[in-house]
2 protein chains.
Amino acid sequence: MPGGDGAVVERGNIVTRIDDVARLAGVSTATVSRALRGLPTVSAATRRRVLAAAEQLEYAVSPSASRLAGGRTGTVAVVVPRITRWFFGTVVETVEDHLHQAGYDLLLYNLGGREQIRQRVLRTANLHKRVDAIMLVATPLRPADLTALARLELPGITISSGSHVPGWPCVRIDDVAAARTATRHLLDLGHRRIAHISGDPDDELAFTTHLDRRRGYQEALRAAGIDPDPSLDVESQFTIDGGTRATAELLARGEPPTAIFAACDEMAMGAISALRDAGLRVPQDVSVIGVDDHDLARVLGLSTIAQPAAEQGRLAVRLLLDPLRTRTADPYAGQVPEQRGPDHPDDPPGQQPVILPTRLVVRDSTAPPRAH
Amino acid sequence: MPGGDGAVVERGNIVTRIDDVARLAGVSTATVSRALRGLPTVSAATRRRVLAAAEQLEYAVSPSASRLAGGRTGTVAVVVPRITRWFFGTVVETVEDHLHQAGYDLLLYNLGGREQIRQRVLRTANLHKRVDAIMLVATPLRPADLTALARLELPGITISSGSHVPGWPCVRIDDVAAARTATRHLLDLGHRRIAHISGDPDDELAFTTHLDRRRGYQEALRAAGIDPDPSLDVESQFTIDGGTRATAELLARGEPPTAIFAACDEMAMGAISALRDAGLRVPQDVSVIGVDDHDLARVLGLSTIAQPAAEQGRLAVRLLLDPLRTRTADPYAGQVPEQRGPDHPDDPPGQQPVILPTRLVVRDSTAPPRAH
DNA sequence: CTGAAAGCGCTTACAG
DNA sequence: CTGAAAGCGCTTACAG
């Protein structure tokens, strides 16, 4: 835009550039750049002058210019299946907090079950040159996705993912164990006819979570000498509606179970709704337990396996960012970072997934079966 | 980064640049740039060759370079109080969809009630040079915020906001009317002792929504010849917990009301929980109605005033983007846009807020009072 | 319809 | 510790 003006898009705003700061501080732009980013090769006196000038002029770097010149975007792509679901919303909330604290921008991608979007995000070069790192939350990866991801050569992390991306750490809970605990709780109460409602593998959002939870359910049954009854195992979606539909289907199949283990709290809530509609009381007629410890679980008196959603988000940000930060100085983001010592010696994230603990929370939706 | 290599941050990835495409297509980079963005000043034959070359090389523009040269970021900042709350999650989900469809990136800011974050986002030059537009969802604006926003000179839009930013359109519901309808529903059922639980003005997230809803509540009472009883009006937070606390407080004050109008569904759910804990049945002992039509409202049988959250998000994106798009061509984002005719003549968004309709949804949580 | 060249606003070796 | 200058990869008047 030589001599840019006139018909060109009006950009307006506060137009302080780095050379304005340099001029006011009486140094070169190179020195301003270094001072503002807290690089160690600047004298204290110079730094002070630069900071004062930047503040006086209300200077803010141009992210585009900084990114182009520096080769870093200071941005992380966060990919979730559906931001409206409790687990994903909670994870994103924590991730946003820690990412911004660390000076990173958060680019949000909500897949929403649309395969087309999935491909655009994962398989094209869309993320390429746009972000420094990728966080995939419960995003199922197909072989082609893995290939595309590998070609991007970007660092990343997965949360609650079944697929392993080579070189990417993973944070999750032990879904098999969580399901085992839930089922065992029902068994301990005396239940024998325990149904399971879970995710649909044909769903475009299919992820391995539900497979693991089913496995835990079946393991617990077998350990108690019970052969899993396929007619008590219904697949639907990981949503309230999915739980309602699955439960209706379950009831339509004949004699109701005395207990239902729902693969997530939202399905459990749907189950409670369907049971109520069918005139069955919870827990007198049918016990219900879920997984998550959704905000509303307490309100509904829902027994559940609590999982630390926020903690998974927090940890994921740390595992993702720590390696990035030791590479080079962060771009100036309004305040000069403290000068760092040598690399923190506290992050040896191996290739093993980091497993966070879950916890059985007994409320009012589970009780011994009546016949007992 | 002259001769960049060696110790420099390894950037890796697919390194096709615009001149690779130009060389392969046998044209200048200027022509590649124009062809890829669908500008009209390129011959069909040339365009075809450029597209083929870009595809063959899997070329993707560098957003940083494009933004720096073009002066547009192709990014919108979306600011919400708490992404985990139903209304905001639902709005963001729709907004994300439409923004990405239009080729824009979404930078997410979750205020989380932290005044410090609010200031960083709204009052500093943080957004400046970083986004082309701002969407503020239910974000309360103080005079200093308005000044700061005005200085940014960025286009923007507010959803569900009490504050008017000069030049920004606003999408919302009529909160006063919604509250009036809810209260009148309770009056029509025969209730006279109708309590109201609502948001706390001292809350850092305080927004005018709750003031409007209280006004509607009081107007409906007065229209029915009832003087609003301050002891039946409790302030708390717009959350489940807030609803629980407010209701507990209400019950502690003496004779319970026969009905509660909660300012949002989440508060209503908290109210139901508190009532149950107090041994009161809904709706036999106390009726409860909220506002929103939260996903769980149906499950809980909660009567409510439904508001179109997704529709507000969709409309907001349109009102925000339409004026932007007529200014200049969108940057290349992987596929060439169809060539546009002259500006759409279909967007005359005045300074008047766009008010979307609400709707009374009667479920099982409201019934005539027993005494009646 | 197309190209040469300037310019967007930074950061980074390099040389001192 | 600091500066001059190249370069990051695009887009845009301008001239044809």
Side-chain angles (χ1 to χ4, degrees), chain A residues 1-9 11 13 15-23 25-37 39-47 49-50 54 59-74 128-130 328-333, chain B residues 1-9 11 13 15-23 25-37 39-47 49-50 54 59-74 128-130 328-333:
Chain A
M1 192 190 321
D5 198 23
V8 177
V9 179
R11 291 205 251 149
N13 341 62
V15 283
T16 313
R17 287 162 323 184
I18 196 169
D19 33 298
D20 297 319
V21 179
R23 209 170 305 116
V27 296
S28 70
T29 59
T31 296
V32 172
S33 174
R34 287 189 281 246
L36 257 22
R37 282 176 299 144
L39 294 189
T41 59
V42 179
S43 77
T46 303
R47 185 187 311 279
R49 252 185 308 142
V50 171
Y59 171 69
V61 268
S62 157
S64 315
S66 170
R67 289 165 189 186
L68 179 57
R72 304 175 64 243
T73 66
H128 172 50
K129 302 174 182 171
R130 195 171 294 265
T328 177
D330 290 326
Y332 176 60
Chain B
M1 192 191 320
D5 198 19
V8 178
V9 179
R11 291 206 252 149
N13 339 60
V15 282
T16 313
R17 288 161 324 185
I18 197 170
D19 33 299
D20 297 319
V21 179
R23 209 170 306 117
V27 296
S28 71
T29 58
T31 298
V32 173
S33 175
R34 288 188 279 246
L36 257 22
R37 282 176 298 143
L39 294 190
T41 59
V42 179
S43 76
T46 303
R47 184 187 311 279
R49 252 184 309 142
V50 171
Y59 171 69
V61 268
S62 158
S64 316
S66 170
R67 290 164 188 186
L68 178 58
R72 304 174 64 244
T73 65
H128 172 51
K129 303 174 183 172
R130 195 171 292 266
T328 176
D330 291 326
Y332 176 60

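Chain A is the first sequence line, chain B the second, and so forth, proteins listed ahead of strands; every chain is numbered from 1.
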Check whether any side-chain nitrogen or oxygen of [X] sits under 4.0 Å from OP1 or OP2 of [N], and answer yes or no.
X       : N       : result
T29(A)  : dG3(D)  : no
S66(A)  : dT11(C) : yes
Y59(B)  : dG9(D)  : no
R17(A)  : dT11(C) : no
K129(A) : dC8(D)  : no
R72(A)  : dT12(C) : no
S43(A)  : dC1(D)  : no

Options [options], nucleotide nearest the side-chain atoms of [X]:
X      : options                  : result
T31(A) : dG3(C), dT2(D), dT11(C)  : dT2(D)
V61(B) : dG3(C), dT11(D), dC10(C) : dT11(D)
I18(B) : dG3(C), dT12(C), dC10(D) : dC10(D)
S33(B) : dT12(D), dT2(C), dT11(D) : dT11(D)
A30(B) : dA4(C), dT11(C), dT2(D)  : dA4(C)
V42(A) : dG9(C), dT2(D), dC10(D)  : dT2(D)

Grab the [atom1]-[atom2] distance between [X] and [N] for me, whole Å please.
X       : N       : atom1 : atom2 : result
D20(A)  : dC8(C)  : CG    : P     : 12 Å
L68(A)  : dG9(D)  : CG    : C1'   : 5 Å
R130(B) : dC10(C) : CZ    : P     : 12 Å

R49(B): salt bridge (charged side-chain N to carboxylate O under 4.0 Å, His left out) partners, not counting sequence neighbours:
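Counting only residues at least two positions away or on another chain, R49(B) forms no salt bridge (charged side-chain N to carboxylate O under 4.0 Å, His left out).
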Dot-bracket line, read 5' to 3' along DNA chain D, where crossing pairs take [ ] and | marks a partner on another strand, Watson-Crick or G-U under 3.5 Å:
|||.||||||||.|||
Want to settle it: does D19(A) or R34(A) sit nearer the 5' end of DNA chain C, counting the closest nucleotide to each?
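Mapping each residue to its closest nucleotide by heavy atoms, the 5'-most match is D19(A).
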How is T46(B) classified with respect to the nucleic acid when contacts are heavy atoms under 4.0 Å: base, sugar-phosphate, or nothing?
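Sugar-phosphate, no base atom in range.
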Student check: side-chain heavy atoms of [X] and [Y] closer than 4.5 Å:
X      : Y       : result
T31(B) : T46(B)  : yes
T73(A) : R130(A) : no
R67(A) : R67(B)  : yes
S62(A) : R17(A)  : no
I18(B) : V61(B)  : no

Confirm from the modelled atom types if R67(B) and dG9(C) form a donor-acceptor pair under 3.5 Å, side chain to base only.
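Answer no: no donor N or O sits under 3.5 Å from an acceptor.
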Side chains of S43(B) and R47(B): is there a donor and an acceptor less than 3.5 Å apart?
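No - no donor-acceptor pair under 3.5 Å links their side chains.
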Applying the side chain to side chain contact (heavy atoms under 4.5 Å, CB included) criterion to Y59(B), which one of V21(B), V50(B), D20(B) satisfies it?
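The option that passes is V21(B).
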